[in-house]
Amino acid sequence: MKRTGYCGTWRAAHVGQTVTVAGWIHRRRDHGGLVFIDLRDYTGMIQIVIHPEASTELEAMAHVLRSEDVCEVTGLIEKRPPETENKQLPTGQVELLAASVHRLNAAKTPPFVLDEAETVAEPVRLKYRYLDLRRPAMQANLRLRHRVTTLIRDYLNGQGFIEIETPILTKSTPEGARDYLVPSRIYPGRFFALPQSPQLYKQILMVGGCDRYYQIARCFRDEDLRADRQPEFTQVDLELSFTDQEEIFALMEGLMGRLFREVVSRPLTTPFRRLTYQEAMSRYGSDKPDLRFGVELHDVGAIVKGSGFAVFDRALEQRGVVNGIKAPGLAKLSRRELDEWTQAAIGWGAKGLAWIKVTADGYDSPIAKFLPADRLQRLRAEFDAKPGDLLLFVADAEAVAHAVLGQLRLKIGGLLGVTKSDQMAFCWVTDFPLLARDEDGKRLVAMHHPFTRPVDDDLQWLDSEPLRVRAQAYDLVLNGSELGGGSLRIYQRELQQRMFDILGVSPERAGERFGFLLEAFEYGTPPHGGIALGLDRLVMILAGAESLREVIAFPKTQRAVCPLTDAPGEIDRQQWDELHLRIDAAT
RNA sequence: GGGGCCGUAGUUCAGCUGGUUAGAACGCCGGCCUGUCACGCCGGAGGUCACGGGUUCGAGCCCCGCCGGCCCCGCCA
């Protein structure tokens, strides 16, 4: 007998109907002469009433059913007797009087109770993910994710985009993250790489006249994990021909507007705020500022210059900066807590952390005695500081001061409780630098990627002052997390070649790695650009989840293994041989 | 690679200053129960205290190592 409806759908209007339902036994309440069963599927639960004396079959079933057994029940939808309605359940006005109960499959006792209240350790949940996924919260997350991807496809289809798949077995690109590699059986010693993003393919699609492409694309990066980082993750990847930044911004704002309105009923204000990279760094100390709260950085170099406080003076002499931030109401932090903050600041690269508590009758600070009264007064005015406020200062190279105060700003936001608020503060960060020095300061590396188009007006500095050149690159930031990023791309062979030169990629190597792209550029390439959004992060935020693992059906642990399948696993001797592989005896 | 927190029953946890037989709740098993919905009542089973070593008369507890989990830094164009 095929089911006639889902468990969670029955209402008073269905009273009198004979129906068949199927699902899992959520709970059994056995009164001996009367047995209640909550039958569950993803839509919810219906209470089944079994009178064991009604038939030998029912008597047999009533007492043997156990949690998570899979059952099919046929019977009559009845109105519950008054006083026994359950207002907690959407189906609580009715119950299903069982005429027959079939146990389709018995279940072992589950390792944990599938109850929302129960907090089960993640390793257990992941090992028995199939049980975890039956929980309403996980069902809600997966179904939310489905609604998001459905809406994204619908929106982009409506904007003239087509979805195109690009290869998973592709070629390693030395720049960027570590690649996941797949050995070639046919070519000993050669490897495919799994894509870190479909970047090159989508540019080739633009050359190929596809005009507007998108893909819900799986990407792979063999780097260490975080709560918001998985080794394989999903990007909403898109690329447009004959476009510009404004068009891409409007497109994304339209998409976000629809997503938040239609999926979580949260209207957004568009257009989103825009900040240049410079502005984001100097005001918020981050290229992904959390704009749910103010608390901005201030450059106080002019105020403290020549004040006689050696720490500040020395930093300024060495072409550094003195920046500060106000922590409203946090003068109540203890000396010990401030010591911890100082240690944290040192951990982020600062040499120390200067602080001033503004009190009712002056200042409480280890550095106040080094600063003349008028300077203290000007500092206080700069921050509009009131008694009870705390001022924090970092004197260092500009990049260090920004980074450290940016981190402290987030700590302050956390203490003020603003990062827990449910507002959605989007912004665009624009005008990223094209290039940055790599960690040893020798080489130049692409800040975004080597295919990013420089700002036209800045091309003049490409050789003389490369670090001054801005990129036509932009990030979409939500509540301090990077939701996506993109750029307009280089579409002329000569400029692309110049970029490789600047990045120290020899023509031979460029040809070997990206020859197909350079050659494609010679056959009529439209100006193009695009963006990629982190789908997992987007869904995580929409779901209000704390970790990506809550919105991915089968995530990896922090050590990049799958607890369900135990991947990565060993392979057979024969597979080693076929792939011409041998493991280093030392390991 | 580094820092932090954690690992005790199927699950979530407690376990004092190192001291006799390691506890609770939920779950599980058995019995009773005709209006429950986290049903109730009675009874019961269930432990390699992650693992290895050390200190000690004695270790769940202290020390060292190691494995695993989570969070963070580095890393992630």
Side-chain angles (χ1 to χ4, degrees), chain A residues 26-40 45-54 62-63 66-68 78 80-89 91-92 95 97 108-128 131 173-179 196-197 199-200 219-231 233 340 343-344 346-349 403 407 410-411 432-436 438-439 443-452 471 473 482 485 487 499 503 505 532 534 546-547 549 556-561 563:
Chain A
H26 188 70
R27 216 171 236 117
R28 183 179 59 129
R29 290 177 295 279
D30 187 343
H31 293 230
L34 176 68
V35 179
F36 298 99
I37 281 165
D38 293 333
L39 196 69
R40 182 197 69 234
M45 290 194 281
I46 178 75
Q47 172 164 282
I48 313 284
V49 181
I50 302 177
H51 290 283
E53 79 280 5
H63 304 297
R66 292 293 182 270
S67 289
E68 301 310 313
E78 291 194 316
R80 291 200 190 189
E83 309 303 310
T84 70
E85 291 186 6
N86 185 341
K87 297 203 165 47
Q88 316 296 319
L89 282 181
T91 59
E95 59 195 8
L97 179 64
K108 284 174 68 176
T109 301
F112 54 89
V113 182
L114 276 67
D115 210 317
E116 288 311 280
E118 203 77 31
T119 55
V120 179
E122 225 179 330
V124 184
R125 289 178 54 200
L126 292 181
K127 181 172 178 197
Y128 300 96
L131 295 176
T173 49
E175 323 266 325
R178 197 174 294 114
D179 286 317
Q196 296 182 24
S197 87
Q199 181 61 34
L200 295 172
C219 304
F220 306 85
R221 294 177 190 176
D222 189 3
E223 298 291 346
D224 289 344
L225 281 69
R226 290 284 188 285
D228 63 351
R229 258 165 40 193
Q230 283 273 308
F233 60 100
E340 283 166 21
Q343 285 312 310
I346 289 168
W348 290 315
Q407 292 288 349
L410 294 180
K411 227 168 139 75
F432 276 81
L434 183 70
L435 300 158
D438 77 346
E439 57 228 64
R443 242 161 35 93
L444 289 171
V445 293
M447 191 115 164
H448 186 53
H449 58 53
F451 316 104
T452 305
E482 183 193 330
S487 63
M499 274 301 294
L503 296 170
V505 182
E546 294 285 315
S547 159
R549 297 183 296 272
K556 308 261 185 299
T557 69
Q558 196 164 49
R559 296 274 314 246
V561 302

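For B:C66 and B:G54, the C1' atoms lie 14 Å apart once the distance is rounded to whole Å. A gap of 33 Å separates the P atoms of B:C41 and B:A50, to the nearest Å. Comparing B:G60 with B:A22, their C1' atoms are spaced 8 Å from each other, to the whole Å. For B:G53 and B:U17, the P atoms lie 28 Å apart once the distance is rounded to whole Å. The P atoms of B:G52 and B:C61 are separated by 13 Å, rounded to the nearest whole Å.
Between the side chain of A:Arg221 and the base of B:C76, no donor-acceptor pair under 3.5 Å is found.
Remark: the backbone N or O of A:Asp222 is paired with a side-chain donor or acceptor of A:Arg178 at under 3.5 angstrom. Using modelled atom types, no side-chain atom of A:Arg28 and backbone atom of A:Arg66 make a donor-acceptor pair closer than 3.5 Å.
The pair A:Glu122-A:Arg549 meets the salt-bridge criterion, since a charged nitrogen lies less than 4.0 angstrom from a carboxylate oxygen.
Looking at the side chain of A:Thr84, the nearest of the listed nucleotides B:C71, B:G10, B:C37 is B:C37. In the set B:U34, B:U11, B:C76, B:C76 carries the atom at the smallest distance from any side-chain atom of A:Ala177. The side chain of A:Arg226 lies closest to B:C73 when the candidates are B:C73, B:U11, B:C70.
In this model, the phosphate group of B:G69 is approached by a side-chain N or O of A:Thr557 to a distance below 4.0 Å at OP1 or OP2.
Nucleotide B:C61 forms a pair with no other nucleotide shown, judged by Watson-Crick or G-U wobble geometry with both contacts under 3.5 Å. Remark: B:C33 base-pairs with no nucleotide; criterion is Watson-Crick or G-U wobble with both hydrogen-bond distances under 3.5 Å. When both pairing distances are held under 3.5 Å, B:G68 makes a Watson-Crick or G-U pair with B:C6.
In terms of position on RNA chain B, the residue among A:His449 and A:Gln558 whose nearest nucleotide sits closer to the 5' end is A:Gln558.
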Review item, nucleotides 38-43 of chain B N/O atoms under 3.5 Å of protein N/O:
| unit_1 | atom_1 | unit_2 | atom_2 | d |
| --- | --- | --- | --- | --- |
| B:C39 | OP1 | A:Arg27 | NE | 3.3 |
| B:C39 | OP2 | A:Arg29 | NH1 | 3.3 |
| B:C39 | N4 | A:Asp30 | O | 2.5 |

For nucleotides 44-46 of chain B, print each protein N/O atom paired with a nucleotide N/O atom at under 3.5 Å, atom names and distance only.
none

Polar atom pairs between nucleotides 22-25 of chain B and protein, under 3.5 Å, N or O only, would you list them?
none

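Between A:Phe36 and B:U36, a base-stacking contact is recorded: ring centres under 5.5 Å apart, planes less than 30° from parallel.
Residue A:Thr452 is out of contact with every strand shown, counting any heavy-atom pair closer than 4.0 Å.
The NE2-P distance, from A:His51 to B:U36, rounds to 13 Å in whole Å.
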